[in-house]
Asks: 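Below you'll find the structure I mean.
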Amino acid sequence: MDKIYNIYQILYKNYGAQGWWPFINYDKTNNGYHKLNYSFPRNKNEVFEVCLGSILTQNTTFKSVVKSLQNLNDLNCLNSKAIESMDIEALKEAIRPSGYFNQKARYILEFIKFFHNLNGTIPNREELLKVVGIGKETADSILLYGYNKPQFVVDAYTRRVLIELSIINQKAKYKDIKELMQNSLKNIIKDEKELVILYQEYHALIVEHSKKFYSKKPYGEGCFLKEDI
DNA sequence: AACCAGGACGTGA
DNA sequence: TCACGTCATGGT
């Protein structure tokens, strides 16, 4: 009955649990993914790793981000304190594979100031958005995967799929799409922890599905969702 | 060789 | 508010 939840069920049936967010030092045989293990992030440093990855993955594949994170890890700099005291040129060199390394280096350093001022407390969306380099999607990504807060992450793929399925139109804005997803799902899954897991898996599934069917034009060619939705 | 990737920001209308 | 240019590397 509910299209949004129905799409999720079809995607999950086809691809299974995705286990976002991947962590550099966890299960390297599986590229850091942790399918069906929802105990992440397990400590403050892993929270920061999500934040860092969220910034680095802006308009880039996560594969490139992994290279950057690995570079930092090899330098023993995969933590906020170490990055803060790095030579900025060395930081840029480390994150170069993710692209936009000049502005992303700045964004990361700006975020680290903010992160340290939190003193371990949980940031809210408003204050995250005030940090230079943290836009709507990055903020939601940090909250959903870094802090396990029920904030649905809307990306270009989400928009593209929903437009192709005629569920939204081209002029739908970020907030519109986010509210559509959340309002549909929060009434079906009442438990907040379960809702967070649903949001995490759903966004990951959209990305996985879109890599196959919504990356090159014409978008949606061969997409099985079109048959069932 | 153009096009896209797990976007954000600054500018001018 | 909105459309558009800019940022940059890496893969197809």
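The structure presented is a predicted model; accordingly, all values stated were derived computationally and were not measured. Note on naming: letters A, B, ... go to the chains in the order of the sequence lines (proteins, then strands), and numbering restarts at 1 for each one.
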Asks: Among A/F40, A/Y33, A/F62, which residue satisfies the ring-ring contact (aromatic ring centres under 6.0 Å, His included) criterion with A/W21?
Replies: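 One option only clears the test, and that one is A/F62.
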
Asks: Could you tell me how far apart A/L144 (CG) and B/dG6 (C1') are, to the nearest whole angstrom?
Replies: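 Answer to the nearest Å: 12 Å.
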
Asks: Strictly below 4.0 Å, heavy-atom distances to any atom of DNA chain C: list the hits from residues 91-100 of chain A, or just say none.
Replies: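 Under 4.0 Å from DNA chain C: A/R96, A/P97, A/G99, A/Y100.
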
Asks: Counting only N and O atoms by type, is there a donor-acceptor contact under 3.5 Å from the side chain of A/K67 to the main-chain atoms of A/P97?
Replies: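 No; judged by distance alone, with no hydrogens or angles, the pair does not exist.
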
Asks: What is the separation between atom NZ on A/K211 and atom P on B/dC3, rounded to the nearest whole Å?
Replies: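 Checked: the NZ to P distance equals 22 Å.
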
Asks: Would you say A/Y157 places a side-chain N or O within less than 4.0 Å of OP1 or OP2 belonging to B/dC4?
Replies: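 Looking at the OP1 and OP2 atoms of B/dC4, neither is under 4.0 Å from any side-chain N or O of A/Y157.
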
Asks: Do the side chains of A/K81 and A/E84 get close enough for a salt bridge, i.e. N-O under 4.0 angstrom?
Replies: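 Not counted as a salt bridge, because no side-chain N and carboxylate O are separated by less than 4.0 Å.
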
Asks: Looking at A/Y214, I'd like to know if the NZ or CZ of A/R160 sits under 6.0 Å from its six-membered ring centre while staying within 45 degrees of the ring's axis.
Replies: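 Output no; distance or angle outside limits.
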
Asks: Rounded to whole Å, how long is the line connecting atom CG of A/D140 with atom C1' of B/dG7?
Replies: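 Nearest whole value for this atom pair: 13 Å.
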
Asks: In this structure, how many angstroms lie between the C1' atom of B/dG7 and the CZ atom of A/F62, rounded?
Replies: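 In whole Å, B/dG7 C1' and A/F62 CZ are 15 Å from each other.
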
Asks: Please list, chain by chain and in numerical order, all residues satisfying ring-ring contact (aromatic ring centres under 6.0 Å, His included) with A/Y38, sequence neighbours excluded.
Replies: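 Result, ring-ring contact (aromatic ring centres under 6.0 Å, His included) vs A/Y38: none returned.
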
Asks: Below the 4.0 Å mark, does B/dA5 have OP1 or OP2 next to a side-chain nitrogen or oxygen of A/R160?
Replies: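 For B/dA5, OP1/OP2 do have a side-chain N/O of A/R160 under 4.0 Å.
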
Asks: Could you label the plane-to-plane angle of the A/Y5 and A/Y8 rings as parallel, tilted or perpendicular, counting under 30° as parallel and over 60° as perpendicular?
Replies: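 Parallel, since the angle between the ring planes stays under 30°.
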
Asks: In whole Å, measure the gap between the C1' atoms of B/dA1 and C/dG11 for me.
Replies: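 It works out to 13 Å between them.
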
Asks: Please step through salt bridge (charged side-chain N to carboxylate O under 4.0 Å, His left out) for the pair A/E127 and A/K130, ending with a clear verdict.
Replies: CA-CA 5 Å; A/E127 49 190 13; A/K130 289 180 190 167; over 6 Å; no

Asks: Quick one: label A/F101 by what it contacts on the DNA or RNA (base, sugar-phosphate, nothing), any heavy atom closer than 4.0 Å.
Replies: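 Answer is sugar-phosphate: A/F101 comes under 4.0 Å of backbone atoms only.
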
Asks: Please answer whether the main-chain N or O of A/E179 pairs with a side-chain N or O of A/N183 as donor and acceptor at a distance below 3.5 Å.
Replies: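 Indeed, once roles are kept as given, a pair shorter than 3.5 Å links the two residues.
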
Asks: Measure the OH-CG distance between A/Y107 and A/N102 for me, rounded to the nearest 0.5 Å.
Replies: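 Spacing of OH (A/Y107) from CG (A/N102) equals 11.0 Å.
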
Asks: Any donor and acceptor pair, going by atom type alone, linking the side chain of A/Q18 with main-chain N or O of A/G16 inside 3.5 Å?
Replies: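 Yes, because the side chain of A/Q18 sits within donor-acceptor range (under 3.5 Å) of the backbone of A/G16.
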
Asks: Anything under 4.0 Å to a heavy atom of chain A counts; send over the first and last such nucleotide of DNA chain C, read 5' to 3'.
Replies: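 Counting from the 5' end, contacts occupy C/dC2 to C/dG11.
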
Asks: For the side chain of A/S184 and the backbone of A/L180, is there at least one donor-acceptor N/O pair under 3.5 Å apart?
Replies: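 Yes; at least one donor-acceptor contact below 3.5 Å.
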
Asks: Taking A/S39's backbone N and O only, do any of them form a donor-acceptor pair with A/N37's side chain (distance below 3.5 Å, no angle check)?
Replies: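 Yes; at least one donor-acceptor contact below 3.5 Å.
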
Asks: Base, backbone or nothing for each nucleotide of nucleotides 8-13 of chain B, written B, S, -, heavy atoms under 4.0 angstrom, 5' to 3'?
Replies: SS----

Asks: Please list residues of residues 7-38 of chain A whose heavy atoms come under 4.0 Å from any atom in DNA chain B, ordered by number; otherwise none.
Replies: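 The stretch gives A/W20, A/W21, A/Y33 as the residues lying under 4.0 Å from the strand, ordered by number.
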
Asks: Quick one: A/K67 NZ to B/dA5 C1', roughly how many Å, whole number?
Replies: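 Taking NZ of A/K67 and C1' of B/dA5, I get 14 Å after rounding.
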
Asks: Quick one: label A/K216 by what it contacts on the DNA or RNA (base, sugar-phosphate, nothing), any heavy atom closer than 4.0 Å.
Replies: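 It contacts nothing in the nucleic acid.
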
Asks: Do the side chain of A/S54 and the main chain of A/T138 share a donor and acceptor less than 3.5 angstrom apart?
Replies: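 Between the backbone of A/T138 and the side chain of A/S54 there is no qualifying donor-acceptor contact (under 3.5 Å).
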
Asks: When rounded to the nearest Å, what value does the distance between P atoms of C/dA3 and B/dG6 take?
Replies: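 One P to the other, the span is 25 Å.
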
Asks: Can you name the residues that form a salt bridge (Lys or Arg N to Asp or Glu O under 4.0 Å) with A/E194, not counting sequence neighbours?
Replies: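 With neighbours one apart ignored, the set is empty.
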
